[in-house]
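Small disclaimer: the values here were computed from a predicted structure and weren't measured. Reminder, nothing fancy here: chain letters follow the sequence lines and each chain counts from 1.
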Amino acid sequence: MAYSEEVLEHYENPRNVGKMDDSDSHVGTGMVGAPACGDVMRLQIKVNDEGVIEDAKFKTYGCGSAIASSSLVTEWVKGMTLEQAAELKNTQIADQLALPPVKIHCSVLAEDAIKAAVEDYKKKQSV
Amino acid sequence: MDIQQNYFAFLGLPESYDVDLKALAARSHELQKTLHPDRFAHLSEREKRLSVQYTAYLNEAVATLKFPLGRAQYLLHLQGIDTISEASVQLEPAFLFEQMALRDDLEDIKVMSSPEAALDKFMDGVAQQLSEYQRTFAECYAVGDSESLERAAAVVRKMQFMVKLQKEIELVESELD
C-alpha cells in the first residue's frame, strides 16, 4: 500500500517523540490501543495555568499511518486550548494525511488519544 | 463436506478451543487430496469451480484454527462476538501502560551490544503471559454464559497485542542474524 507524501514525511521525521513526567500535575496522558492491529499510542500534553497546551509529546508503536497521525496531532494541539484540542476530529487528521479508507482507524486512534489526554489532565486538576 | 458449515464441522473436528493439531493436519491433508484439481479435470466447469471454492474454504479454515488467537476469535465469532475488525475499544489503562512498557523494553534490547540473552528472556516472558491469557480464555469460553464470553473477548483483545509483540520480537531476531 502506498503512503502519502505527508505520512512518509511524519514517519521519517516524527515530531515531538518523547515522554513527559506523568506525575506532573500540568501533564495529561492519553493511552490508547487498537487490538485489531496491536498498535499502542501514548499522547501527552503539558498545559499552562491559562488552559493552553504548551507542549505535546507522543510515542506510538504501530504502522506509519498511526505514527503520522499522532505526530500531526502533537503539532496541531500546541497553542490550542483544552476545548479546542478536545474538538479535534479524526476526519481532519485523515484529510490532512490523505489516509486511505483502510487506515482511517489510525486517525481515530489519534483522536481518542488526544481526548484521553485532555480528560486525564482535567481529572488531575479536579482532585 | 459443505462450505455452509462452520470451519470445525467442515473439518470434522469438535467445536472447541482445545483443538487436536495432529487431527487438524490429518483432516486437512485428507480433504486436500479429495479436492485436488486433477481429480476434477474430467468434470464440468461448474464442478471445477466448486473444487476451487472448497479448497479456498479449506485453506481459510486451517489458517484460522491452527493458531490459538485465530481459533479464539473464530469461536467468539460463532457466538456473535466480533473481535477481528473492531477499531477502537476501551482497554484498561493498566494494560496499555504495560504494553507500552514492554515495547519500550524491546526498543532498549534492540540497541544493546549483545542482545541475545536479554531477547531470549524477554521472549519467554511474553510467551508465558500469552499462555496465561490462553488459559483464561479457555476457562471463560468453557463457562459460556454471556458475561464469561465478554470476559473471553476482553482476553482475546489482550492476546492480539501480545501476538503483535511476538511478531515484533521475531523481526528483531531476524535482524540479529
Practice task
Test B/Tyr17 against every option in B/Tyr141, B/Phe137, B/Phe67 by the ring-ring contact (aromatic ring centres under 6.0 Å, His included) rule and name the one that passes.
Solution key: B/Phe137
Problem - Any donor-acceptor N or O pair under 3.5 Å, side chains B/Thr136, B/Glu139 - result: no
Practice task
Over 60° means perpendicular and under 30° means parallel, so classify the ring planes of B/Phe10 and B/Tyr54, tilted if in between.
Solution key: tilted
Exercise for the section: Give the ring-plane orientation class for B/Phe95 versus B/Phe161, where under 30° counts as parallel, over 60° as perpendicular and anything between as tilted. Expected result: perpendicular
Problem - Winner by heavy-atom pair count (cut-off under 4.5 Å) against chain A, out of B/Met162, B/Gln160, B/Glu168 - result: B/Gln160
Completion exercise
Max heavy-atom pairs within cutoff under 4.5 Å with chain A, candidates B/Lys164, B/Arg157, B/Gln99, B/Met159, goes to B/Lys164
Handout entry: Contact origin within B/Leu96 toward chain A - heavy atom pairs under 4.5 Å
Key = both
Handout entry: Toward chain A, the part of B/Gln73 with a non-hydrogen atom under 4.5 Å
Key = neither
Fill in the blank from the handout: To the nearest 0.5 Å, atom CG of B/Asp145 lies from atom CZ of B/Arg151 at 9.0 Å
Practice task
Counting only heavy atoms closer than 4.5 Å, note whether A/Cys37 contacts chain B via side chain, backbone, both or neither.
Solution key: backbone
